[in-house]
Amino acid sequence: MPHTHVESAALEQRQQLAETMLREAGVMPVLTVVSVAQGLDTVRALVAGGLRTIELVLRTPAALDALAAIKDAFPDCKVGAGTVLEPAQVDAVEELGADFIVTPGVSPHLLDALVQSSLPVVPGAATPSELLALQERGIRVAKLFPVAALGGIPLLRAVAGPLPKMKLCANGGVDEASAAAYLAEPNVLCVGGSWMVPQGWIAAGDWDRVEASARKAAAIASNR
Ligand code: 3PG
């Protein structure tokens, strides 16, 4: 729980920022890169296709350097650090200039660090109890992950009843074909996924394909 009114007001302000950022994004590519150069090339293609809000996941040794380089080269992009699993990473990505933080789930220590971070945070949850635990700490913007495996749209509708304040980023198994239907749900701020940036295209340097897929995703987002 935030300790004071000042802390809870600051957290709510960061939640509003997260809400606005995700709603404006609509579709957020979840990007894994093995080098800084790969990160820069991929983001160039995403931006060319019209996507400017990106979750860069900390699943590779190059991720932190790539995050800093992308923020430097594309100052207009909103770059979130994803797959943040440990409290130390919360501080690290803040220092590197991340715009927001996304996690696949939370542990008690990670949630403490997220609540205290100065960045907008989007913690992960998979069940009503997990969403409720976030709400109890003042979090009302969360990542529902892995949404397709958990039940997809029927799950989103089911949690909307008892948890009307929670606004969600729906990730995990979302693709070009299903993105629009997820975005039509009132409790969905945005969808995230790797379908615009599959490892094969990135490894092959197939930037035209990334750009074309990003363009389609941007159209889905703007038609919501
Ligand atoms: C995430 O962390 O959001 C997922 O890795 C994205 O899921 P996807 O690869 O099924 O799109």
Side-chain angles (χ1 to χ4, degrees), residues 18 21-23 25-34 38-39 42-43 45-46 49 51-64 66-67 70 77-86 89-90 93 98-107 110-111 114 119-127 130-131 134 139 141-153 155-156 159 166-183 185 187-203 206 209-210 212-214 216-218 220-221:
M21 226 168 353
L22 296 185
R23 197 185 288 284
V27 178
M28 182 157 70
V30 175
L31 176 58
T32 305
V33 296
V34 299
Q38 232 180 37
T42 311
V43 171
L46 289 170
L51 296 180
R52 295 178 173 277
T53 305
I54 292 154
E55 178 187 338
L56 179 73
V57 297
L58 307 190
R59 297 179 199 173
T60 58
L64 290 176
L67 172 64
I70 291 165
C77 282
K78 300 278 185 218
V79 186
T83 317
V84 169
L85 306 178
E86 293 165 18
Q89 292 174 310
V90 173
V93 301
D99 291 295
F100 59 101
I101 291 174
V102 184
T103 79
V106 293
S107 68
L110 180 60
L111 183 53
L114 293 171
L119 293 179
V121 294
V122 186
T127 66
E130 291 173 14
L131 289 167
L134 295 179
I139 302 277
V141 176
K143 169 174 173 168
L144 190 61
F145 175 79
V147 68
L150 292 168
I153 287 169
L155 171 69
L156 285 158
V159 299
M166 293 304 293
K167 300 292 178 210
L168 302 165
C169 177
N171 281 44
V174 181
D175 58 16
E176 194 174 286
S178 59
Y182 279 107
L183 283 173
E185 294 302 311
N187 55 349
V188 171
L189 293 172
C190 81
V191 295
S194 60
W195 79 88
M196 299 136 276
V197 284
Q199 289 304 292
W201 297 357
I202 294 179
D206 204 343
R209 264 175 118 173
V210 173
S213 182
K216 283 190 196 163
I220 291 167

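Just so you know, ligand 1 is whichever comes first in the structure, and atom 1 is the first atom listed for that ligand. Remember, it's a predicted structure, so these values are computed and weren't measured experimentally.
Residues A62 and V34 share a closest heavy-atom pair of CB-O, 3.3 Å. The two atoms that bring V27 and L51 nearest to each other are O-CD2, 3.9 Å, heavy atoms only. Annotation for M166 and A142: closest pair CE-CB, 3.8 Å, computed over non-hydrogen atoms.
Checked against side chain to side chain contact (heavy atoms under 4.5 Å, CB included), F145 has the following partners two or more places apart in sequence or in another chain: P104, K143, N171.
Contact between G82 and ligand 1 is absent, with no heavy atom of the residue lying under 4.0 Å from the ligand. Using a 4.0 angstrom heavy-atom cutoff, Q199 does not count as in contact with ligand 1.
Not a single donor-acceptor pair under 3.5 Å links the side chain of T103 to the backbone N or O of V84.
Counting only N and O atoms by type, the side chains of R59 and T32 include no donor and acceptor under 3.5 Å apart.
Distance from atom 8 (P) of ligand 1 to its nearest protein heavy atom, with residue and atom name: S194 OG, 3.5 Å. Ranking protein heavy atoms by distance to atom 7 (O) of ligand 1, first place goes to G172 CA, 3.5 Å. Scanning the protein for heavy atoms near atom 10 (O) of ligand 1, the closest one is G173 N, 2.8 Å. For atom 5 (O) of ligand 1, the nearest protein heavy atom (residue, atom name, distance) is R59 NH2, 3.1 Å. Nearest to atom 4 (C) of ligand 1 among the protein's heavy atoms is F145 CE1, 3.7 Å.
Every atom of ligand 1 is numbered from 1 in the order shown, and the set under 4.0 Å from a heavy atom of K143 is 1 (C), 2 (O), 3 (O). Ligand-side atoms of ligand 1 in range of G193: 11 (O), range being under 4.0 angstrom from any heavy atom.
Note: no N/O pair closer than 3.5 Å links E55 and ligand 1 by distance alone.
Atom CE of M21 and atom CZ of R52 lie 15.0 Å apart (nearest 0.5 Å).
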